[in-house]
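Side chains included, hydrogens not; waters and symmetry mates left out as well; all remaining heavy atoms used. Since the model is a prediction, treat every value here as computed from it, not as a measurement. Residue numbers count from 1 along this sequence.
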Amino acid sequence: MEVLAALNLGDIAQVFSKMGMFPVFDVAYYIVSILYLKYEPGSVEVSRRSPVASWLCAMLYCFGSYILADILLGSSPIDYFQHNSHILLASAVWYLVFYCPLNLFYKCVAFLPVKLVLVALKEVVRTRKIAAGVHHAHHAYHHGLFIMVIVGYVKGSGVALISNFEQLLRGVWRPDTNEILNMSFPTKASLYGAILFTLQESHWLPVAKSTLILIFTLFMATSKVVMTARHSHGSPFALIESWVCHLLFGSPLGGSEEDHHHAPAAAPSSPLKTKEELSEGARKRKAKKAE
């Protein structure tokens with residue numbers, strides 16, 4: 001107890017919860033989001049054939065959660081595009097990831113130690129978005145607990161939820177990758193986080209919001225960094241979910257986990273390789289053939 005008192009956890013949480021996200025954390029969020037877009041099948045080809053379609057896909061990856069949340073709350077889906085600095089910053093990241101000479105920017109941000117830092121920073125933004133979504137919904141629907149959960153969930157994983165629409169912009173249609181059918185770890189974590197923040201906002205969870213933000217951020221950042229470093233498809237929730245699903249629904253949790261929100265189009269050549277690695281390998285083989 002003396003150690004916790006000396007650490008002043010409450011003060012640290014307060015400072016952390018008031019920390020500004022722009023530009024450092026937001027840049028990390030945009031880089032990782034657009035990096036995942038580049039891993040998608042056909043995204044590089046689309047960037048060469050139709051830069052406008054590629055830019056629109058990148059904007060959906062960066063701001064899809066805001067667009068979907070605005071639609072649910074009855075606001076204009078283009079409201080967030082009034083923030084010129086964010087749009088310009090995300091556009092600059094998109095250009096560097098796809099069009100930087102010699103692919104230098106992509107190689108730098110895809111370098112694993114750098115990527116781990118960026119992934120951790122992205123989870124800081126995700127937690128803030130969940131908390132902000134729940135607070136916004138609470139302001140509009142004071143007693144709408146389910147609305148608060150839905151809006152917080154959408155704010156944390158809206159990009160994955162509208163992924164099928166984004167696929168149409170790239171000329172790809174894979175309904176089997178629906179995020180509701182195959183929920184990835186970030187999507188599930190966003191749902192659980194939205195529930196926790198809703199309970200806190202409704203005063204059913206006796207924890208300060210700043211402390212909950214700090215704890216949930218540490219959990220998300222640690223989990224994603226470990227999963228990215230190990231190229232893991234698993235989830236910290238797998239054991240609990242399997243037990244709960246068996247208890248309540250009579251069957252274990254179905255479907256495999258993915259680090260990203262799309263299922264692979266074909267069976268991987270090695271179970272230890274992630275979809276991102278396979279996509280990178282395919283691009284390298286094409287480059288060698290062209291040489």
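When the shell of 6.0 Å around CH2 of Trp173 is examined, it contains more than 12 heavy atoms from other residues, nucleotides or ligands. Other residues, nucleotides and ligands place no more than 12 heavy atoms under 6.0 Å from the CZ atom of Phe165. The environment of CD1 in Ile71 is crowded: more than 12 heavy-atom neighbours from other residues, nucleotides or ligands sit within 6.0 Å. Shown here is Leu168, whose CG atom has more than 12 heavy atoms of other residues, nucleotides or ligands within 6.0 Å.
Donor-acceptor pairing under 3.5 Å is lacking for the side chains of Lys188 and Tyr153.
With hydrophobic clusters built from ILVMFWY side chains whose heavy atoms lie under 4.5 angstrom apart, Val159 does not share a cluster with Val46. Under the 4.5 Å side-chain contact rule for hydrophobic residues, Val151 and Val149 do not share a cluster.
With Ser47 contributing its side chain and Val44 its backbone, the two residues share a donor-acceptor pair below 3.5 Å. Remark: the backbone N or O of Gln14 is paired with a side-chain donor or acceptor of Ser17 at under 3.5 angstrom. Counting only distance, with no hydrogens or angles, the side chain of Ser43 and the backbone of Glu40 share a donor-acceptor pair below 3.5 Å. Proximity of a side-chain donor or acceptor of Glu166 to a complementary backbone N or O of Leu60 within less than 3.5 Å is not detected. A donor-acceptor pair under 3.5 Å is formed between the side chain of Ser163 and the backbone N or O of Ala160. Using a distance-only test at 3.5 Å, with no hydrogens or angles considered, a donor-acceptor pair links the side chain of Thr177 to the main chain of Arg174. Checked by atom type and distance alone, the side chain of Arg170 pairs as donor or acceptor with a backbone atom of Pro41 at under 3.5 Å.
Annotation: the span from Arg48 atom CZ to Ser54 atom OG amounts to 8.5 Å, rounded to 0.5 Å. Tyr192 contributes atom OH, which lies 8.5 Å from atom CD1 of Ile240 (distance to the nearest 0.5 angstrom). The CE atom of Met19 lies 5.0 Å from the CZ atom of Phe25; values are rounded to the nearest 0.5 Å. For the atom pair CE (Met21) and CG (Leu121), the distance works out to 9.0 Å, reported to the nearest 0.5 Å. Distance check: Ser65 OG to Ile162 CD1 gives 8.0 Å after rounding to the nearest 0.5 Å. Here the CD1-OH distance, from Ile31 to Tyr36, works out to 12.5 Å after rounding to the nearest 0.5 Å.
Scanning all heavy atoms of the two residues, the minimum distance from Gly133 to Lys155 falls at CA-CG, 3.7 Å. For the residue pair Leu102 and Lys107, the shortest heavy atom distance occurs at O-NZ, 3.5 Å. Scanning all heavy atoms of the two residues, the minimum distance from Val154 to Leu161 falls at CG2-CD1, 4.0 Å. Nearest heavy atoms, Leu205 versus Leu212: CD2-CD2, 4.2 Å. Of all the heavy atoms in Leu145 and Thr198, the pair that sits closest is O-CG2, 3.7 Å. Closest heavy-atom contact between Ile130 and Ser190: CD1-CA, 3.7 Å.
The side-chain tip of Arg128 points at the ring of Phe16 from less than 6.0 angstrom away and within 45° of straight on. Figure legend: cation-pi geometry between Lys129 and Tyr66, with NZ or CZ positioned under 6.0 Å from the six-membered ring centre and within 45° of its axis.
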| said: side chain to side chain donor-acceptor pair (under 3.5 Å) for Lys38 and Tyr61? Distances and angles first, verdict last. | reply: CA-CA 11 Å; Lys38 190 167 184 177; Tyr61 262 70; over 6 Å; no
| task | Might you work through the side chain to side chain donor-acceptor pair (under 3.5 Å) test for Thr187 and Ser184, ending with a clear yes or no? | result | CA-CA 5 Å; Thr187 305; Ser184 60; 3.2 Å; yes
| task | Begin with the C-alpha distance, continue with both residues' side-chain angles, and end with the deciding distance and a verdict on ring-ring contact (aromatic ring centres under 6.0 Å, His included) for Tyr99 and Trp94. | result | CA-CA 8 Å; Tyr99 303 105; Trp94 161 76; 5.4 Å; yes
| query | Given the rule in the salt bridge (charged side-chain N to carboxylate O under 4.0 Å, His left out) test, do Glu45 and Arg49 qualify, once you have shown the distances and angles that lead to the verdict? | reply | CA-CA 6 Å; Glu45 290 76 6; Arg49 186 172 66 251; over 6 Å; no
| task | Let me see the working for His139 and His135 under side chain to side chain donor-acceptor pair (under 3.5 Å), right down to the final yes or no. | result | CA-CA 6 Å; His139 180 74; His135 179 74; 5.9 Å; no
| field | Worked verdict on Thr228 versus Lys115 for side chain to side chain donor-acceptor pair (under 3.5 Å) | value | CA-CA 9 Å; Thr228 303; Lys115 186 178 179 181; over 6 Å; no
| query | Given the rule in the side-chain contact (heavy atoms from CB on, under 4.5 Å) test, do Thr222 and Glu123 qualify, once you have shown the distances and angles that lead to the verdict? | reply | CA-CA 9 Å; Thr222 302; Glu123 296 310 311; over 6 Å; no
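Between Ile34 and Cys62, some side-chain heavy-atom pair lies under the 4.5 Å cut-off. Here the side chains of Gln200 and Leu196 are not in contact, with every heavy-atom distance at 4.5 Å or above.
Aromatic ring pairs are classed by plane angle as parallel below 30°, tilted from 30° to 60° and perpendicular above 60°; the pair His86 and His83 is perpendicular. Using cut-offs of 30° and 60° on the angle between ring planes, the pair Phe237 and Phe219 is tilted. Ring geometry for Phe63 against Tyr80 counts as tilted: the plane angle lies between 30° and 60°, on a 0 to 90° scale.
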